[in-house]
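A quick write-up on the structure given underneath.
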Amino acid sequence: MNQFTPHAAFPTSLLEENDGPGVNPTENPTMGEIISRRFSRRGFLRGSLAVSAIAATVSPIALLTAEKAQAAGASAFSFPEVEAGVDDNHHVAEGYDADVLLRWGDALFADSPEFDPTRQTAAAQARQFGYNNDYVGFIPLAGSAEHGLLVVNHEYTNPHLMFPGIVQIVEGKISQAALTKEQVDIELAAHGGTIVEISREGGKWRVVRDGRFNRRITATTEMELTGPAAGHDRLKTNADPSGTKVIGTVNNCAGGVTPWGTYIMAEENFHGYFSGELPAGHPETANYKRLGVPESGYEWAAHYDRYDLAREPNEPNRFGWIVEVDVMDPNSVPKKRTALGRFKHEGAESIVAKDGRVVFYLGDDERFDYVYKFVTAGTFNPDDRAANMDLLDAGTLYVAKFAEDGTMAWLPLAHGEGPLIAANGFNSQADIVIEPRRAADLLEATKMDRPEDVQPNGTNGKVYVMLTNNTRREEVDGANPRVKNAFGHIIEIDEGGDFTATSAKWEVLLKCGDPSVAEVGASFSTATTANGWFGMPDNCAIDAAGRLWVSTDGNNPKATGRTDGLWAVDTEGEARATSKLFYRVPAGGELCGPVFTPDDQTAFVAVQHPGDGGTDWEAFGRPSYYEDLSTRWPDFRPDMPVRPAVVAITKQGGGKIGV
Ligand code: FEO
Ligand code: CA
Ligand code: CA
Ligand code: CA
């Protein structure tokens, strides 16, 4: 039995928060928590409108502007706002349905065993929907907005919420038993992704069990490494002397759907799966240190040599990539596309530029790491799907450098250019894509406040960068303007209509946090209500109308007096930087994967790790685990644990969302 302090009891929760090399091992409250406690006015704010919420701090002229903005209906969104708060259920705007579509353990195939959490097996899990759904993408079939493939990442596992009988309270402290090999194998099978056919009938979405494209991808699915680093010595292992075959993918956070209809799974906090020590003086020592490898958050190395650095020192170089899956062939081998670099990839959203090249925007989610984009060398052919299938193997990887004057440069990470030469340890492009962080350091890219989703908007030509937070920041710059940035911010990049541009303009769209507390320095519009502001932007989506929706990770009653959720954020005109709460998750959860169907009639969202934590929520006030859960969402059955799930949000009576 492992003994943990309460805070460290659930290491995978920490991993998801992406505490890597910058991890703060203390339990000190964040600045945001301190500010929230000091200035908590939730009783006063709850249910009130903007004008009353901001009355204490905003001038009468600003109030008038807010009233006018609301009266003029300048917002691109129309729905009755949800009241921010926390309880054991999810909540959507009045007039909408939030229907649970897919839960952890749900059957995907004709032979999938029914979910029984007390008798779970790895074999069953591999035929069922995985754990901790994150990225969600919708790939229409035959151009339909009501029939398609849902692609869903399963980022990580929470053993204390998944397995009965492993958590105990001993002398007031939590302890978690070592996992059995079978439990580790369940974890491996609960990772990865799901591809599943869904259709909308009579206004309601349903899963097509045994649909011909249905597939589970897991941490044991065989994958191929392609691109500049494929076959390189640094990627060779005892089990794979070719350096081109990898077993599995892990920590698939956000992702993307390419213009040619493939599914992108971004490998994020892969460092946590590795244990053991590199042999003394091993050449990868500095590389792994920069990435925080190993973190030993999982117990996989006890059963599988590939997660043990002492046994397979090169294995971590085979993770941290962008994975591309051909969803139209359930037997296709997923490809780890090394041209897009190796770091803690949040996601990879893309857009076709004017000249036909395709641009992928990439965030490296760690404090003081970077924003990247990848521009394909080849062009997209809309008439020949097969011709696009290897576009991700050649192109240019750029890193962002933001200047104080509102301009920015995309600096190429190209071998032989500037300092990216053998004298600095870069013998070829392979070395650069294996260590893009170090290459970007040399180019003096801008150290950001944890870049998450980066989303291009084809309607207004802008690109939106979610920066979730960075409580360690001491020195500010224009693009990261707050010290101890507890609530994060959003940057808007304007590439002048050409997504391949190497120079651009930028501005801060909004600084997050409670705008009624002057010390926070938030910058939502004055029309934003007490329910409408948020912290910790993480994922986002642009709907068919070109409107921005932001989902969050890290709001809890302690930090912001509210759970995570989905907020509608105006970007244009008078209403710019106005935010409204549309949906919120049950206690302990995070909201991931917002995506809209092409007709804007459905929003799919992923409720990740509901019921985690527990102490954050005053009404529960103790650690939440399998036998003592803060919520049993979505089943609310005493014999069923809390289950991460994908939810389909539709308007009652039909129609576009938020119109
Ligand atoms: Fe998995 Fe960066 O969130
Ligand atoms: Ca995320
Ligand atoms: Ca997104
Ligand atoms: Ca996050």
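Note that this is a predicted model, so its numbers are computed, not measured. Each ligand, and each atom within it, is numbered from 1 in the order the structure gives.
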Is any side-chain N of the basic residue among [X] and [Y] closer than 4.0 Å to the acidic one's carboxylate O?
X      : Y      : answer
Arg215 : Asp326 : no
Glu507 : Lys505 : no
Arg437 : Asp364 : yes

Exercise. With respect to the Ca ion (ligand 2), what is the nearest N, O or S atom of Asp538?
Worked result: OD1
For this session: Please name the atom of Glu346, restricted to N, O or S, that is closest to the Ca ion (ligand 2).
Result: OE2
Exercise. Can you find a side-chain donor-acceptor pair between Asn539 and Glu346 that sits under 3.5 Å?
Worked result: yes
Exercise. Taking Leu591 as the fixed residue, which of Val550, Thr552, Val607 is the one that meets the side chain to side chain contact (heavy atoms under 4.5 Å, CB included) rule?
Worked result: Val607
For this session: Spell out the protein N/O/S atoms under 3.0 Å from the Ca ion (ligand 3) as residue plus atom name.
Result: Glu349 OE2, Asp453 OD2, Gln455 OE1, Cys540 O
Exercise. With the Ca ion (ligand 4) at the apex, how many degrees lie between OD2 of Asp553 and OE2 of Glu452, rounded to 10 degrees?
Worked result: 140°
Exercise. Is the Tyr273 to His271 ring centre distance short of 6.0 Å?
Worked result: no
Seminar exercise, completed: Those residues at least two apart in sequence (or on a different chain) that pass side chain to side chain contact (heavy atoms under 4.5 Å, CB included) with Asp88 are Trp617, Thr631, Phe636
